[in-house]
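Atoms within each ligand, like the ligands themselves, are counted from 1 in listed order. Index from 1, following the sequence. Quick caveat: nothing in here was measured; it's all calculated off a predicted structure.
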Amino acid sequence: MGTVEAANKDANGSLLEKNPTVVFVLGGPGSGKGTQCANIVENFGYTHLSAGDLLRAEIKSGSENGTMIQNMIKEGKIVPSEVTIKLLQKAMQESGNDKFLIDGFPRNEENRAAFEKVTGIEPAFVLFFECPEEEMERRLLSRNQGREDDNIETIRKRFKVFLESSLPVINYYDAKGKVRKIDAARPIEEVFETVKGIFGPKNEKAD
Ligand SMILES: Nc1ncnc2c1ncn2[C@@H]1O[C@H](COP(=O)(O)OP(=O)(O)OP(=O)(O)O)[C@@H](O)[C@H]1O
Ligand SMILES: Nc1ccn([C@H]2C[C@H](O)[C@@H](COP(=O)(O)O)O2)c(=O)n1
Ligand SMILES: [Mg+2]
């Protein structure tokens with residue numbers, strides 16, 4: 001085994017041995033990624049890992065990176081991959097599962113390339129929740145979960161970052177035939193009907 005491969009295997013612990021299934025869940029802020037991931041977990045046995053949730057938990061934990069992460073989130077900016085990937089790897093290892101919905105990651109080309117290099121994992125496919133900005137803005141302004149970035153000033157910055165940095169990642173995977181685009185502007189139940197069609201009846205959990 002080459003040195004890079006050996007180092008990655010070491011960093012990933014037993015993760016790679018499980019040959020994990022990873023689905024990246026992407027879409028603009030407020031497109032419904034978290035909402036639909038909760039439904040997928042219930043029906044298909046995946047573990048949901050939201051990069052944003054992991055970063056917010058890191059702030060709360062009082063970690064040395066907390067202030068940097070908090071400032072970046074307030075500005076709608078993307079935290080360096082090194083930090084986010086470590087949190088994702090740890091959560092994947094701790095879950096004990098081998099099927100993951102990675103929500104809100106990769107958010108830019110740096111995230112994408114670093115994840116592939118560090119973990120050696122390629123996504124099975126990418127769910128892309130497509131939604132007009134006006135609808136996403138409405139949803140974010142009425143989310144009421146006390147998120148510091150759900151204010152109109154930060155929301156506009158997040159939309160800009162999505163268009164400039166995250167859409168190119170979606171286009172990258174689209175060129176590889178991996179994107180499953182979903183019209184996310186419809187009611188939650190209707191969106192989930194489409195999602196179910198993508199995961200397929202053979203993957204559904206038995207009751
Ligand atoms: N299809 C939908 N129709 C109407 N409201 C929705 C729909 N999907 C989600 N919502 C609501 O919109 C808000 C944002 O949804 P959610 O948190 O799932 O989005 P998200 O894509 O994870 O956003 P973020 O990127 O900011 O984390 C929530 O209040 C949620 O209840
Ligand atoms: N890969 C990521 C994911 C998220 N963040 C930061 C920046 C986002 O605006 C914020 C909230 O994410 P969300 O919960 O909306 O998915 O978290 C990041 O830097 N890198
Ligand atoms: Mg979310």
Open item on the list: Tell me the contacting part of Gln145 for ligand 1: side chain, backbone, both, or neither, using a 4.0 Å heavy-atom threshold, strictly below.
Closed with: neither
Open item on the list: Any heavy atom of Gln36 closer to ligand 1 than 4.0 angstrom?
Closed with: no
Open item on the list: Tell me whether ligand 2 is touched by Arg158 - counting only heavy atoms on the residue side and a distance under 4.0 Å.
Closed with: yes
Task: Greater than 12 external heavy atoms within 6.0 Å of Lys178's NZ - done: yes
Open item on the list: Counting only nitrogen or oxygen atoms and a 3.5 angstrom limit, does Asn111 reach ligand 2?
Closed with: yes
Task: Sub-4.0 Å heavy-atom approach of Met136 to ligand 1 - done: no
Task: N or O contact, Arg56 vs ligand 2, cut-off under 3.5 Å - done: yes
Open item on the list: Is there a polar contact, in the sense of an N or O pair closer than 3.5 Å, between Arg186 and ligand 1?
Closed with: yes
Task: Charged N-O contact under 4.0 Å between Arg158 and Asp149 - done: yes
Open item on the list: Can you tell me if Ser31 contacts ligand 1 (heavy atom of the residue under 4.0 Å from the ligand)?
Closed with: yes
Task: Short N or O distance, Gly76 and ligand 2, threshold 3.5 Å exclusive - done: no
Open item on the list: Check this for me: does any side-chain nitrogen of one of Arg138 and Glu134 sit under 4.0 Å from a carboxylate oxygen of the other?
Closed with: no
TODO: Indicate yes or no: does an N/O atom of Arg56 lie under 3.5 Å from an N/O atom of ligand 1?
DONE: no
Task: Close approach, Pro187 and ligand 1, non-hydrogen under 4.0 angstrom - done: yes
TODO: Examine the proximity of ligand 1 to Leu140 and report which part, side chain or backbone, both or neither, has a heavy atom under 4.0 Å away.
DONE: side chain
Open item on the list: So for ligand 1, is Arg158 a polar contact partner (N or O within less than 3.5 Å, distance only)?
Closed with: yes
Task: Arg156 bridged to Glu137 by N-O distance under 4.0 Å - done: yes
- [ ] Could you tell me whether the side chain of Lys157 and the main chain of Ile152 form a donor-acceptor pair under 3.5 Å?
- [x] no
TODO: May I ask whether Asn144 places a heavy atom under 4.0 Å from ligand 1?
DONE: no
TODO: Salt-bridge test for Arg186 and Glu193: reply yes if a basic N is under 4.0 Å from a carboxylate O, no otherwise.
DONE: no
TODO: Check whether any N or O atom of Ser50, backbone or side chain, sits under 3.5 Å from an N or O atom of ligand 2, and answer yes or no.
DONE: no
TODO: Say whether Gly104 and ligand 1 are in contact under the criterion: heavy-atom distance to a ligand atom below 4.0 Å.
DONE: no
Task: N or O contact, Asp53 vs ligand 2, cut-off under 3.5 Å - done: no
Open item on the list: Gly52 versus ligand 2: do any nitrogen or oxygen atoms come within less than 3.5 Å of each other?
Closed with: no
